[in-house]
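Step one of this worksheet: look at the structure below.
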Amino acid sequence: MKASQSRGEVVGIVGGGQLGRMLALAGLPLSIECRVLEPGDNPPAAVAAECLKAPFEDATRAIAWANQVDAVTYEFENIPTETLEAIAATVPVRPSPQSLRVSCDRMLEKQLFGKLGIDTTRWQSVSNWQELQRAADYLGFPLVIKTRRFGYDGKGQAIARNHAELESAWLLLGGAASKVGLLVEEMIPFTSEVSQISVRGLSGEIRHYPLTRNVHREGILRFSAPVLGEVESVGQQARQSTTMLLEDMGHVGVLAVEFFENQGHLIANEIAPRVHNSGHWTQDGADICQFENHLRAVVGWPLGATHPVGHACMINLVGYIPPVWEILAIEGAHLHLYGKEVRAGRKVGHVNLRCKGTAELEKAIRQVATHLPGEDVSRWLKQISNS
Ligand SMILES: Nc1ncnc2c1ncn2[C@@H]1O[C@H](COP(=O)(O)OP(=O)(O)OP(=O)(O)O)[C@@H](O)[C@H]1O
Ligand SMILES: [Mg+2]
């Protein structure tokens, strides 16, 4: 049974984490109903979407679930492409399984960057210890070694500065037991990390959010802020590369492209074929947020304006929820909690700040930071001071 017009569009989301939750919430005012396929119990998305509990590998149940919706999307990369391909035979999957296939494998990502002439780190793909040694000789130390698949928040990665560390990295990442293969890349110096969040509609229309500067700690994103009054050439490079990627993959929906910035030059790191943590600030700091724009793209509706509203940033809540009353009392603070059990290293919410000027934003950032011990606020403030 397909959705009737009066019922509005129905979107299936593969994955019911916080991204699924925020997508489903963004759909409510537009009468876009979201339904989730998720193997876990009580996923964060359950507050706003009907959830079917089933393993991602169960293509039969996934197809039956998908046949009840108008279009299917996904909120993370580590799902079997076979499941999406099986769904795509009868129900539109947006972004297409092709976007997923590329983004869930670091080697395919690097090959695509190369094909499109997008600068990236020098790299080698390896599947045994001898190849890893040869790659190290070729690329030179220091190196970052990553599993080709299943990495997130810096997991599935190791740094090797010399031969001894190369061996520990090999063992840490599974050694000969590793089935997924490794990608070795040069470790590069960078002045900042930035991401481009863009969206492509079904008609091919593309809209770009402002470039976002990101601060990571222990491999986990902590802080993001849009670059306002950007250094034009950097923004242009990001938009150009992202447009090429969107068009080459025939991508429909939001695409996030992460870059390292070195002296005004961008080096592509990786892509995510979905709404992205570094785009959460758009919920309160852009005209139409990434979640709504992704849904609009998935159902084939016109895209919304992506321009910034006020001076905004996002602060992730990792392994800790500060006193809610204290956060809400901060001028410009918008609190987003994911309904997840608090655990060390786990993203459990974020605070978006939107203020009328940089001085007000800085004050609000400092106020939030007093509740987040261990964070290096000076690094955050640097991102907004030269925006
Ligand atoms: N080649 C490199 N040179 C220097 N730093 C790197 C390199 N590769 C990764 N890093 C650092 O490690 C972080 C995580 O790497 P990457 O984005 O590739 O993996 P990830 O686990 O998918 O992360 P996330 O899920 O947060 O996007 C980067 O944001 C960057 O700080
Ligand atoms: Mg990354």
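Whatever order the structure lists them in is the order used to number ligands and atoms, beginning at 1.
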Within 4.0 Å of atom 14 (C) of ligand 1 (strictly less), any protein heavy atom?
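Yes, because at least one protein heavy atom sits under 4.0 Å from atom 14 (C) of ligand 1.
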Considering all protein heavy atoms, does one lie under 4.0 Å from atom 11 (C) of ligand 1?
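It does not: no protein heavy atom is found less than 4.0 Å away from atom 11 (C) of ligand 1.
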Please list, chain by chain and in numerical order, all residues satisfying side chain to side chain donor-acceptor pair (under 3.5 Å) with Ser195, sequence neighbours excluded.
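Once residues adjacent in sequence are excluded, the partners of Ser195 under the side chain to side chain donor-acceptor pair (under 3.5 Å) criterion are Asn214, Ser278.
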Evaluating non-hydrogen atoms only, which member of Lys146, Met187, Glu186, Glu193 is closest to atom 8 (N) of ligand 1?
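Looking at heavy atoms only, the winner is Lys146.
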With a cut-off of 4.0 Å, which atoms of ligand 1 are near a heavy atom of [X]?
X      : value
Asn269 : 16 (P), 17 (O), 18 (O)
Glu258 : 17 (O), 27 (O)
Tyr152 : 21 (O), 25 (O)
Glu185 : 1 (N), 2 (C), 7 (C), 8 (N)

Could you list the cluster mates of Ile267? Members are the ILVMFWY residues connected by side-chain heavy atoms closer than 4.5 Å, either directly or through other members.
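Via sub-4.5 Å side-chain contacts, Ile267 links to Ile188, Phe190, Phe260.
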Residue-ligand contact Leu221/ligand 1, heavy atom below 4.0 Å
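Contact check Leu221 vs ligand 1: negative.
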Are Ser241 and Leu266 packed together at the side-chain level, in the sense that at least one heavy-atom pair is separated by less than 4.5 angstrom?
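Sidechains of Leu266 and Ser241: no contact.
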Before accepting this row, confirm whether a basic side-chain N of the pair [X]/[Y] lies closer than 4.0 Å to the acidic partner's carboxylate O.
X      : Y      : value
Glu341 : Arg346 : no
Glu185 : Lys110 : yes
Glu375 : Arg379 : no

Are any of the N or O atoms of Phe260 closer than 3.5 Å to those of ligand 1?
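By distance alone, the answer is no.
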Where do Gln68 and Ala64 come nearest, in terms of heavy atoms and distance?
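Smallest interatomic distance, heavy atoms only, reads CG-O, 3.7 Å.
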I need the nearest protein heavy-atom contact for atom 4 (C) of ligand 1: residue, atom name and distance, please.
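Ranking protein heavy atoms by distance from atom 4 (C) of ligand 1, first comes Ile188 O, 3.5 Å.
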Between OE2 of Glu270 and OE1 of Glu258, what angle is found at the Mg ion (ligand 2), rounded to 10 degrees?
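Reported to 10°, the angle equals 100°.
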